[in-house]
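All values below were derived from every heavy atom in this structure, side-chain atoms included, with hydrogens, water molecules and symmetry-related copies excluded. In this chain, residues are counted from 1 in sequence order.
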Amino acid sequence: MTVKIFHNPRCSKSRQTLALLEENGVSPVIREYLKDVPTFAELDQLLNILGLEPRELMRKKEAEYKIAGLNDETLSRDQLIEGMIANPKLIERPIVIKEGEARIGRPPENVLEIL
């Protein structure tokens, strides 16, 4: 059983989620998505697993959201995914993935549903 976490060590929720996983005996594969940016295919698949549209996985309060023009309601799903790749800071975090299931760790306890 492989558990992966899209992690940002500077984010308190991400650190709390990682600690929660470890407290539950899980040693996840840690992916620092700001350094190792997901591909289009990876984000597309992740959105499908989560059952979300791109904007639902974006941090819309970040300045980059408006600066990059991602608040444009006419953008397609593909354009929004490309926007997340170009601005990975906008990807909501942390995300924990296990065997075709995923949860966003907000709150961190959400991830316990798939362990």
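- To the nearest 0.5 angstrom, R106 atom CZ is 9.0 Å from I104 atom CD1.
- If you take CD on E109 and CG on L20, they are separated by 6.0 Å, rounding to the nearest 0.5 Å.
- With a 4.5 Å cut-off on side-chain heavy atoms, R31 and K4 do not count as touching.
- In terms of heavy-atom proximity, L52 sits nearest to R77 at O-NH2, 4.2 Å.
- Note that the CG atom of L50 and the CG atom of L43 stand 10.0 Å from one another [nearest 0.5 Å].
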**Report entry** Derivation and outcome, side-chain contact (heavy atoms from CB on, under 4.5 Å), residues E62 and K89
**Finding:** CA-CA 8 Å; E62 297 286 347; K89 181 180 179 184; 3.3 Å; yes
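- A heavy-atom distance below 4.5 Å is not found between the side chains of E32 and R10.
- L75 approaches G69 most closely through the heavy-atom pair CD1-O, 3.4 Å.
- Here CG of D36 is found 8.0 Å from CZ of F6. Values are rounded to the nearest 0.5 Å.
- Between D72 and T74, the side chains place a donor N or O and an acceptor N or O closer than 3.5 Å (distance only, hydrogens not considered).
- Judged purely by atom type and a 3.5 angstrom limit, R93 has no side-chain atom pairing as donor or acceptor with the backbone of N8.
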Report task. Any chance you could lay out the side-chain contact (heavy atoms from CB on, under 4.5 Å) test for M58 and E92, step after step, and finish with the verdict? Result -> CA-CA 5 Å; M58 283 188 194; E92 189 59 84; over 6 Å; no
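- One hydrophobic cluster, built from ILVMFWY side chains closer than 4.5 Å, cannot hold both I114 and I49; they sit in different ones.
- Looking at heavy atoms from C-beta onward, L34 lies out of side-chain contact with I91 at the 4.5 angstrom threshold.
- Although no hydrogens or angles enter the test, the distance criterion places no donor-acceptor pair under 3.5 Å between the side chain of D44 and the main chain of F40.
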Requested in this report: Please step through side-chain contact (heavy atoms from CB on, under 4.5 Å) for the pair L90 and L57, ending with a clear verdict.
Outcome: CA-CA 8 Å; L90 297 178; L57 191 61; over 6 Å; no
Query raised in the report: When you look at E101 and K98, which way does the salt bridge (Lys or Arg N to Asp or Glu O under 4.0 Å) test go after all the steps?
Result: CA-CA 5 Å; E101 290 188 87; K98 178 189 161 219; 5.9 Å; no
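- Considering T2, L18, V111, I97 in turn, L18 is the only one that fulfils the side-chain contact (heavy atoms from CB on, under 4.5 Å) rule with P28.
- Taking CD from E23 and CG from L112, the interatomic distance works out to 9.5 Å, rounded to the nearest 0.5 Å.
- At least one side-chain heavy atom of I81 sits less than 4.5 Å from a side-chain heavy atom of L47.
- Taking all atoms of both residues into account, the shortest heavy-atom contact from Q16 to P108 is OE1-CG, 3.6 Å.
- Note on I30: it clusters hydrophobically with V96, by side-chain heavy-atom contacts below 4.5 Å among ILVMFWY residues.
- At least one side-chain heavy atom of Y33 sits under 4.5 Å from a side-chain heavy atom of P38.
- Between the CD atom of E99 and the CG atom of L115 there is a distance of 10.5 Å, given to the nearest 0.5 Å.
- Side chain of E82 to backbone of Q79: no donor-acceptor contact under 3.5 angstrom is found.
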Requested in this report: Determine, stepwise, if the pair E73 / R55 fulfils side-chain contact (heavy atoms from CB on, under 4.5 Å).
Outcome: CA-CA 10 Å; E73 293 297 323; R55 276 201 179 87; 4.0 Å; yes
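- Between the side chain of R103 and the backbone N or O of I95, no donor-acceptor pair lies under 3.5 Å.
- Taking 4.5 Å as the limit, every side-chain heavy atom of I85 sits out of range of all side-chain heavy atoms of T39.
- Closest of all the heavy-atom pairs between K13 and G105 is CB-O, 4.2 Å.
- For the pair L80 and L70, the minimum side-chain heavy-atom distance is below 4.5 Å.
- Enclosure of atom CD in Q45 is not indicated, since only 12 or fewer non-hydrogen atoms of other residues, nucleotides or ligands lie within 6.0 angstrom.
- Atom NZ of K60 sits in a crowded spot, with more than 12 heavy atoms from other residues, nucleotides or ligands closer than 6.0 Å.
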